[in-house]
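Beneath this line is the structure, given in structure tokens, with notes to follow.
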Amino acid sequence: QATASSAAAAPAQPCNSAADTSRPRIRLVNLRGGGRYKADSFPQHDADIICVTELELPDYATFDFEETLRAANYGVIFGASTKIYKDGNRFHGRRVAIIFNKLFDVKESACDGDPQQLVLVQSGRWVEAYFPTQQGQAVVNLSVTYGHADRSHSDAAKAASERLLAAAV
């Protein structure tokens with residue numbers, strides 16, 4: 001069983017400057033699978049916060065993934081676990097995540113019972129977080145939604161993606 005490895009890394013600094021966390025760099029990255037093997041690469045991205053889609057990270061690999069990020073002073077908030085089908089195999093895992101430099105006080109958004117938000121959370125294809133900026137004078141909200149990739153080939157997948165997008169807006 002392969003595990004994500006962690007290289008010794010210097011503590012992460014914000015991309016813009018070591019003292020300025022008021023203007024973080026945020027990137028959207030579609031991993032196209034293989035998430036557990038790519039944990040080492042996130043600190044190399046020119047970003048303080050990375051919104052990840054198509055992570056395809058098996059549940060049994062989340063601990064190693066988190067440990068690799070933690071060693072580089074990064075944290076992660078995953079979307080809910082969901083069924084993942086890949087190459088004929090079926091397993092549970094994570095499709096979306098928000099990875100962040102720990103110099104930013106990123107927190108997972110709480111689900112308040114809103115029916116639309118519950119649809120998103122239960123899909124396992126959505127995650128939301130927030131963090132203060134400008135010395136606490138403003139808050140940035142982030143959400144990541146990953147639709148169904150085969151939506152153009154299947155009416156059911158297209159309808160499911162449309163429901164997710166409708167719930168997200």
Side-chain angles (χ1 to χ4, degrees), residues 1-109 120-121 123-133 139-151 157 161 164-165 168:
Q1 175 180 349
T3 60
S5 64
S6 60
Q13 296 295 320
C15 290
N16 296 311
S17 86
D20 182 14
T21 58
S22 66
R23 296 178 52 116
R25 291 187 73 158
I26 301 171
R27 289 188 72 188
L28 173 62
V29 175
N30 181 316
L31 271 192
R32 299 181 181 207
R36 68 185 291 203
Y37 303 108
K38 296 181 179 178
D40 286 331
S41 71
F42 287 108
Q44 314 312 315
H45 286 265
D46 187 24
D48 299 305
I49 298 169
I50 306 164
C51 300
V52 182
T53 61
E54 209 171 346
L55 181 60
E56 314 299 65
L57 181 68
D59 283 341
Y60 62 81
T62 57
F63 179 79
D64 290 338
F65 191 88
E66 288 175 293
E67 286 299 306
T68 299
L69 292 171
R70 189 174 293 121
N73 202 36
Y74 277 75
V76 62
I77 298 170
F78 293 111
S81 181
T82 189
K83 290 179 185 172
I84 296 175
Y85 299 90
K86 192 171 182 92
D87 301 328
N89 295 318
R90 186 173 90 178
F91 54 92
H92 277 80
R94 311 308 174 104
R95 292 188 178 273
V96 294
I98 297 173
I99 296 170
F100 56 93
N101 183 315
K102 286 191 175 180
L103 293 172
F104 294 86
D105 187 23
V106 178
K107 304 286 186 208
E108 184 172 7
S109 297
L120 293 167
V121 170
S123 75
R125 294 173 168 270
W126 178 82
V127 64
E128 185 176 68
Y130 65 94
F131 62 96
T133 188
V139 173
V140 174
N141 290 295
L142 299 166
S143 69
V144 179
T145 305
Y146 172 52
H148 294 265
D150 61 349
R151 72 183 185 284
S161 282
L164 285 175
L165 290 174

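Residue indices begin at 1 and follow the sequence shown. Small disclaimer: the values here were computed from a predicted structure and weren't measured.
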Side chain to side chain contact (heavy atoms under 4.5 Å, CB included) between I99 and F65, worked out: CA-CA 11 Å; I99 296 170; F65 191 88; 4.0 Å; yes
With a 4.5 Å heavy-atom cut-off, do H92 and I84 have their side chains touching? no
Say you draw a straight line from CZ of F91 to CG of L57; how long is it, rounded to the nearest 0.5 Å? 8.5 Å
Nearest heavy-atom pair of P58 and E56: which atoms, and what distance? CD-O, 3.4 Å
Within the 4.5 Å heavy-atom criterion, are I98 and I49 side-chain neighbours or not? yes
How far apart are the C-alpha atoms of C51 and R27, what are their side-chain angles, what is the distance that settles it, and do they pass the side chain to side chain contact (heavy atoms under 4.5 Å, CB included) test? CA-CA 6 Å; C51 300; R27 289 188 72 188; over 6 Å; no
About how many Å separate CH2 of W126 and OG1 of T145, when rounded to the nearest 0.5 Å? 7.5 Å
Spacing of CG belonging to L69 relative to CG belonging to D40, to within rounding of 0.5 Å: 8.5 Å
So, do D59 and F78 sit near enough that their side-chain heavy atoms are less than 4.5 Å apart? no
Is L55 close to V96 at the side-chain level, that is, under 4.5 Å between some pair of heavy atoms? no
Donor-acceptor check, side chain of R25 to backbone of D48, threshold 3.5 angstrom: yes or no? no
Please tell me if the side chains of I77 and F100 come closer than 4.5 Å, counting only heavy atoms from C-beta onward. yes
Taking all heavy atoms of A129 and all of V106, pick out the closest pair and write down the distance. CB-CG1, 3.8 Å
Are R95 and E54 close enough, and set up right, to give a salt bridge (Lys or Arg N to Asp or Glu O under 4.0 Å), and what steps lead you there? CA-CA 5 Å; R95 292 188 178 273; E54 209 171 346; over 6 Å; no
Got L142 and F131 here, is their nearest side-chain heavy-atom distance under 4.5 Å? yes
Compare all side-chain heavy atoms of V144 with those of V52 and state whether any distance is below 4.5 angstrom. no
